[in-house]
Amino acid sequence: QYAPDEVTDLPGMTFKPSYRQWSGYLQAGPGKFLHYWFVTSQRDPTKDPVVLWLNGGPGCSSLDGFLSENGPFHVNNDGATLYENEFSWNKYANMLYLESPAGVGYSYSDDQNYETDDDKVAADNYQALQSFFVKFPNFTLNEFFIFGESYGGIYVPTLSLRVATGQAKINFQGFSVGNGLSSFALNDESLIYFGYYHGLFGEDLWRDLNDNCCNKGGCNFYNSSSDSCKIQVNIAFSIVYQSGLNEYSLYLDCEGRRGLSKTYEKAMTLLFRNYRKTLHTSKYSGPRLSSVSLN
Amino acid sequence: AVPPCINSTAQTNWLNRGDVRKALHIPATLPAWDICSDAVGEKYNILYWTVKDVYLKLLSMGLRALVYNGDTDMACNFLGDQWFVEDLGIKVTSKYKTWIYDDQVAGFYQRFGNITFLTVKGAGHMVPQWAPGPALHMFQTFLINGSY
């Protein structure tokens with residue numbers, strides 16, 4: 001079943017790969033098709049593990065993981081040619097990249113209804129995974145791992161539980177999450193300390209945060225009922241997310257300079273839902289300063 | 001639909017080429033590729049505000065887990081995930097210690113039974129992109145259940 005999906009030639013590829021690859025679709029339910037890209041290990045595909053990689057969002061494509069993170073080749077800045085990634089994870093594993101859920105990247109649903117939730121995503125991914133092992137039965141005995149990043153912090157464990165407790169014969173060994181969202185409360189709470197101890201907040205704001213959000217040796221920056229605490233946390237979050245810093249990598253420049261997307265705004269609203277009423281009206285929410293005048 | 005400060009122009013342009021779509025067996029009827037989907041993101045319903053219970057079930061089955069963080073990320077910062085792993089209440093089985101890549105300290109890690117928390121020093125949200133060598137070392141070590 002996998003033969004028609006084999007990728008034999010790719011535009012912009014000037015090197016001969018030492019692995020095989022397939023790209024096609026896995027069924028995740030009636031009329032629901034998830035795009036996958038599978039590359040075999042550069043070492044020993046028959047013995048090396050199979051690793052599923054999921055990017056986050058929710059709603060972002062795992063092909064970003066392939067083409068700019070751990071895939072065997074990446075795209076040059078010309079958008080036309082490819083170069084080999086010497087640190088590709090398929091040096092040691094057969095890597096499966098899945099665009100999930102339907103509506104992401106080249107995945108689709110016949111009814112074009114893309115409303116979904118965590119449990120539905122896990123269920124769809126589990127079905128797609130079973131579809132994968134039907135398509136590639138030679139890999140059913142290989143050890144299997146699930147890796148993910150960011151909102152994959154939710155995708156990965158929820159899918160893992162289905163794999164671990166389901167009927168499908170999968171040699172599941174473990175899972176891993178990179179910079180994952182594991183707890184909204186702890187993510188919010190810890191960010192205040194991260195920001196302060198990286199020098200992003202001054203002593204005045206730190207004092208105001210402590211005065212308004214802390215009591216009897218404990219602090220609540222996540223869901224305090226105090227309006228004055230919410231205001232201070234909102235200011236702190238605005239410094240992190242809206243002052244011009246690269247929130248994904250504090251010491252790197254902010255690339256792209258494209259405007260905020262609806263998805264990004266939605267993600268921010270979800271992440272910091274307790275502060276959404278004030279997040280967009282803070283003193284930091286105006287137009288970004290030019291690079292010349294950034295303080 | 002692009003996350004802030006991430007430049008995905010090159011891969012977006014490449015993936016949307018007609019000859020690339022054909023090579024990847026993408027139906028011509030599908031819309032253009034983008035890194036994130038507004039259609040999905042806008043209507044997404046979050047059900048899990050924490051996955052603590054899910055982790056506890058998985059770990060009780062003897063599965064191996066690794067939670068790793070590039071330590072300069074602020075979207076999902078390392079401290080929150082460290083607290084998450086610590087809050088699982090699993091017995092500590094190693095000290096918090098350094099791990100080495102290419103004769104340099106590449107980060108820190110601590111084991112709690114079959115789950116490990118690990119940082120990648122100087123890397124941001126996308127660890128394999130910004131610390132590819134250490135990331136590959138970490139990946140291989142986890143797969144073979146070796147020593148970091």
Side-chain angles (χ1 to χ4, degrees), chain A residues 5 7 10-11 23-24 49 57-61 64 67-70 75 77 79 87 89 92 103-106 108 114-115 117-119 154 157 160-161 164 174-184 186-187 190-191 194 240 246-251 254-256 258 261-264 266, chain B residues 1-7 10-11 13-14 19-20 23-26 30 33 35-45 47-51 54-55 58 61 63-70 72-77 79-81 83-84 124-129 132-133 136 139-140 143:
Chain A
D5 291 350
V7 177
L10 273 175
S23 167
C60 295
S61 169
D64 187 49
L67 294 173
S68 61
E69 294 191 65
N70 53 30
V75 183
N77 287 337
F87 300 106
W89 286 14
Y92 303 115
V104 173
Y106 285 136
Y108 66 97
Y114 296 127
E115 183 170 357
D117 61 43
D118 295 331
D119 282 338
I154 308 292
S160 294
L161 191 58
F175 63 99
S176 176
V177 171
N179 290 79
L181 189 56
S182 307
S183 158
F184 283 76
L186 293 178
N187 197 52
S190 58
L191 183 60
F194 183 101
V240 170
N246 184 339
E247 69 192 59
Y248 291 116
S249 191
L250 178 56
Y251 303 112
C254 182
E255 288 191 65
R258 277 174 62 170
S261 72
K262 290 178 184 174
T263 302
Y264 172 67
K266 173 75 173 176
Chain B
V2 173
C5 301
I6 303 297
N7 188 350
Q11 68 195 62
N13 289 344
W14 184 76
D19 52 359
V20 171
L24 295 177
H25 312 116
I26 307 302
L30 290 183
W33 185 91
I35 188 170
C36 296
S37 164
D38 286 342
V40 172
E42 285 175 7
K43 295 180 180 174
Y44 195 89
N45 295 306
L47 303 178
Y48 294 84
W49 301 103
T50 173
V51 284
V54 183
Y55 268 70
L58 290 165
M61 295 174 189
L63 291 164
R64 195 154 76 238
L66 169 67
V67 173
Y68 67 91
N69 285 72
T72 67
D73 177 32
M74 298 190 289
C76 297
N77 74 84
L79 193 57
D81 283 323
W83 289 357
F84 173 80
H125 194 71
M126 291 81 165
V127 168
Q129 180 177 356
L136 182 60
F139 176 69
Q140 187 200 13
L143 292 183

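Numbered from 1 within each chain, the chains take letters A, B, ... in sequence-line order. Quick note: numbers below take in every heavy atom, side chains included, and nothing from hydrogens, waters or symmetry partners. In this text the structure is predicted, and so the values were computed from the model without any measurement.
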Going from CG on B/Leu136 to CG on A/Asn70, what distance comes out if it is rounded to the nearest 0.5 angstrom? 9.5 Å
Check the angle between the aromatic planes of A/Trp89 and B/Phe139 and answer parallel, tilted or perpendicular using the 30° and 60° thresholds. parallel
Test item: A/Asn187 side-chain N/O and B/Ala75 main-chain N/O as donor-acceptor pair under 3.5 Å: yes
Could you tell me the separation between the CG atom of B/Asn45 and the CG atom of A/Asp117, rounded to the nearest 0.5 Å? 6.0 Å
Would you find a donor on one side and an acceptor on the other, under 3.5 Å apart, between the side chain of B/Asn77 and the backbone of A/Phe194? no
Among the options A/Asn179, A/Leu186, A/Ile154, A/Val177, pick out the one with the most heavy-atom pairs lying under 4.5 Å from chain B. A/Asn179
Using a 3.5 Å distance criterion without hydrogens, assess whether the side chain of A/Ser176 forms a donor-acceptor pair with backbone atoms of B/Leu66. yes
CG (A/Leu67) and CD (B/Gln129) are apart, to the nearest 0.5 Å, by 11.0 Å
Kindly write out the residues that satisfy ring pair (Phe, Tyr, Trp, His ring centres under 6.0 Å) with B/Tyr55, not counting sequence neighbours, or none if the list is empty. A/Phe175, B/Phe84
Is a side-chain donor or acceptor of A/Asp118 paired with a backbone partner of B/Leu47 at a separation under 3.5 angstrom? yes
Pick one of side chain, backbone, both or neither for A/Pro11, based on which atoms fall under 4.5 Å of a heavy atom in chain B. both
Let me know if B/Asp19 has heavy atoms under 4.5 Å from chain A in its side chain, its backbone, both or neither. both
